[in-house]
Protein chains: 2
Amino acid sequence: MNKVKKPYHHGDLRESLLDAATDLIAEGGVDNLSIRKLADKVGVSRTAPYHHFKDKNALLCAIAEQGFLKQDELVESISALQSKLSAPELFEKYVLTYIRFADEEKETYDLMYGREIWKSGEPTESLQLISKNCFRNWLKWVEVLQQGGIFDPEKPSLRVAQSSWAALHGLCRLFNDGIYIDREDIDEIAKNTVHMLINQQRTD
Amino acid sequence: MNKVKKPYHHGDLRESLLDAATDLIAEGGVDNLSIRKLADKVGVSRTAPYHHFKDKNALLCAIAEQGFLKQDELVESISALQSKLSAPELFEKYVLTYIRFADEEKETYDLMYGREIWKSGEPTESLQLISKNCFRNWLKWVEVLQQGGIFDPEKPSLRVAQSSWAALHGLCRLFNDGIYIDREDIDEIAKNTVHMLINQQRTD
DNA sequence: AATCAATCTTGACACTGTCAAAATAGAGGA
DNA sequence: TCCTCTATTTTGACAGTGTCAAGATTGATT
């Protein structure tokens, strides 16, 4: 039946399509990705991709999924430093890493958290799962940071997580969308944001 | 020559186009606006709009400009309350009003601060001017809030303005892009954000 | 070797933005 | 009044787009 997933004519079309598509959007943004151009690049006909992705939307969702996985890895690698750094240092490092990811994978980031999928399109079920899991991880971390005194432990962690993520996301967007344009500034603004968000009730 | 601006065949095509275009994007988002559909709606041929707007991009910029003007009015109306409210109340009111605008004029907001214009397209010179002026107003207000103790007066006001605006913008985006979906929550998150941003060094 | 379903291609349709050239109609001057 | 000039609008065309329906191919299974 369908135990072995290897396609028939092409080596592994689904994978190739994903790779080529990622290349295309990395080159010139989501606008640079058309099914036809993609099919051309891979060497199949215009409608071949439709046997591996229901939609263009489904293709974009698959790319976004890959992005979440990649981002998860990055976050994991910071968690590993948990014992070596102080809570504020850890938080700042997280923020800067998050921003670096958004910068280096601009277009993927846009797909992951942009309206293209979440509003205009219909997010795939698996994408919804993976993204929810991602937020849950952030929530856990926020709880740790609350215990570490970084955030107010009195406040509901859900709200704190939402607020702080929104602040971070907003910065990334302003940069990624071309409103803030100086990359040098971004890290400065980020550090400032960190200081503003950190609970300062007991600093004196 | 061109002292009287009244067009020849149509009543005032430029204005009509802007109105109809705003309607179209309010109905179904930016994706719902095509030059051809727009021309149809107004009752002219497909290419007529090109004599009033160089590009589709130019048309979008014009809509965004209107958005900035409308937003400015709202902000003005809050400035008027400056004497009646305390600084924290004023700040919170500003934030909630900003969010309400982003909510009620979702698509316009997207145009004003989205990549469609600022990254993918080329922002019109007049749009650049009007938006810079808008940020400058925010900057002034931040300085007032710094003097009022809402924000840390030690920090450079530019950075504070950038950080706080990013936080606000991020929240609007997450909501407008369909990631946060519960409008009830939004105001809650906003208030939480306000509390987190407010300088708390002297609360005890 | 025959069958069958997964995979891929060809053709078609209704859209899109925008350019070039032709048509129109109003304003200003004779 | 008529004529000309220029701003405005239209028609035709081109190269794109996503995706559906129907046919062709091909590898695996019986």
Side-chain angles (χ1 to χ4, degrees), chain A residues 1-18 20-21 24-25 27-63 107 111 115-117 119-124, chain B residues 1-18 20-21 24-25 27-63 107 111 115-117 119-124:
Chain A
M1 279 297 198
N2 49 2
K3 292 175 186 173
V4 187
K5 281 271 184 164
K6 273 186 185 174
Y8 296 55
H9 308 75
H10 195 279
D12 188 347
L13 187 50
R14 201 193 128 97
E15 207 71 11
S16 304
L17 287 172
L18 271 178
L24 281 175
I25 68 167
E27 278 174 33
V30 143
D31 296 338
N32 193 43
L33 169 63
S34 81
I35 300 286
R36 298 166 106 104
K37 204 190 294 185
L38 174 63
D40 236 47
K41 189 174 165 126
V42 172
V44 296
S45 79
R46 308 119 242 170
T47 59
Y50 285 87
H51 294 90
H52 298 271
F53 301 97
K54 170 182 160 287
D55 252 346
K56 186 179 186 181
N57 178 66
L59 171 62
L60 296 180
C61 287
I63 298 174
E107 304 298 333
L111 239 35
R115 65 161 34 192
E116 181 92 47
I117 287 176
K119 186 166 192 185
S120 308
E122 286 280 306
T124 302
Chain B
M1 277 300 201
N2 51 1
K3 290 176 186 175
V4 187
K5 281 270 183 163
K6 274 186 184 173
Y8 296 54
H9 308 72
H10 195 279
D12 189 347
L13 187 50
R14 202 194 126 97
E15 206 72 11
S16 303
L17 287 171
L18 271 178
L24 281 174
I25 68 168
E27 277 175 32
V30 141
D31 296 339
N32 192 43
L33 169 63
S34 81
I35 300 287
R36 297 167 107 104
K37 203 190 295 183
L38 173 62
D40 237 47
K41 189 173 166 128
V42 172
V44 296
S45 80
R46 311 118 239 170
T47 58
Y50 284 88
H51 294 89
H52 298 272
F53 301 97
K54 171 181 159 287
D55 251 347
K56 185 179 186 180
N57 178 66
L59 171 63
L60 297 180
C61 286
I63 298 173
E107 304 298 333
L111 238 35
R115 65 161 35 193
E116 180 93 45
I117 286 175
K119 187 166 188 183
S120 306
E122 287 280 306
T124 302

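Numbered from 1 within each chain, the chains take letters A, B, ... in sequence-line order.
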### Partners passing side-chain contact (heavy atoms from CB on, under 4.5 Å) against A:D40 (at least two apart in sequence or in another chain)
none

### Query
Quick one: does B:D31's side chain get under 4.5 Å of B:I25's, heavy atoms only?
no

#### Entry: Atom pair distance, as rounded to whole Å: CZ in B:F53 and P in D:dT9
12 Å

### Query
How close or far is atom P of C:dA25 from atom CG of B:L13, stated in whole angstroms?
16 Å

### Query
Using 4.0 Å as the upper bound for N to carboxylate O, is an ion pair formed by A:K41 and A:E27?
yes

### Query
To the nearest Å, how far apart are B:E15 CD and D:dT8 P?
15 Å

### Query
Is any side-chain nitrogen or oxygen of A:H52 closer than 4.0 Å to OP1 or OP2 of C:dC8?
yes

#### Entry: Heavy-atom pair with the smallest gap, counting every atom of B:A39 and B:R46
CB-CA, 4.0 Å

### Message
In whole Å, I'd like the distance from the CG atom of A:D12 to the C1' atom of C:dC8.
### Response
15 Å

### Message
With a 3.5 Å cut-off and heavy atoms only, can you find an N or O donor on one side and an acceptor on the other between the side chain of B:H51 and the base of D:dT9?
### Response
yes

#### Entry: CA sep, side-chain torsions, deciding dist, call: B:K56, B:E122, salt bridge (charged side-chain N to carboxylate O under 4.0 Å, His left out)
CA-CA 11 Å; B:K56 185 179 186 180; B:E122 287 280 306; over 6 Å; no

### Nucleic acid footprint by protein, nucleotides 12-20 of chain C - heavy-atom cut-off 4.0 Å, B for base, S for sugar-phosphate alone
B---BBBB-

### Message
Within the structure provided, determine whether B:L60 and B:L33 are in side-chain contact (heavy-atom separation under 4.5 Å).
### Response
yes

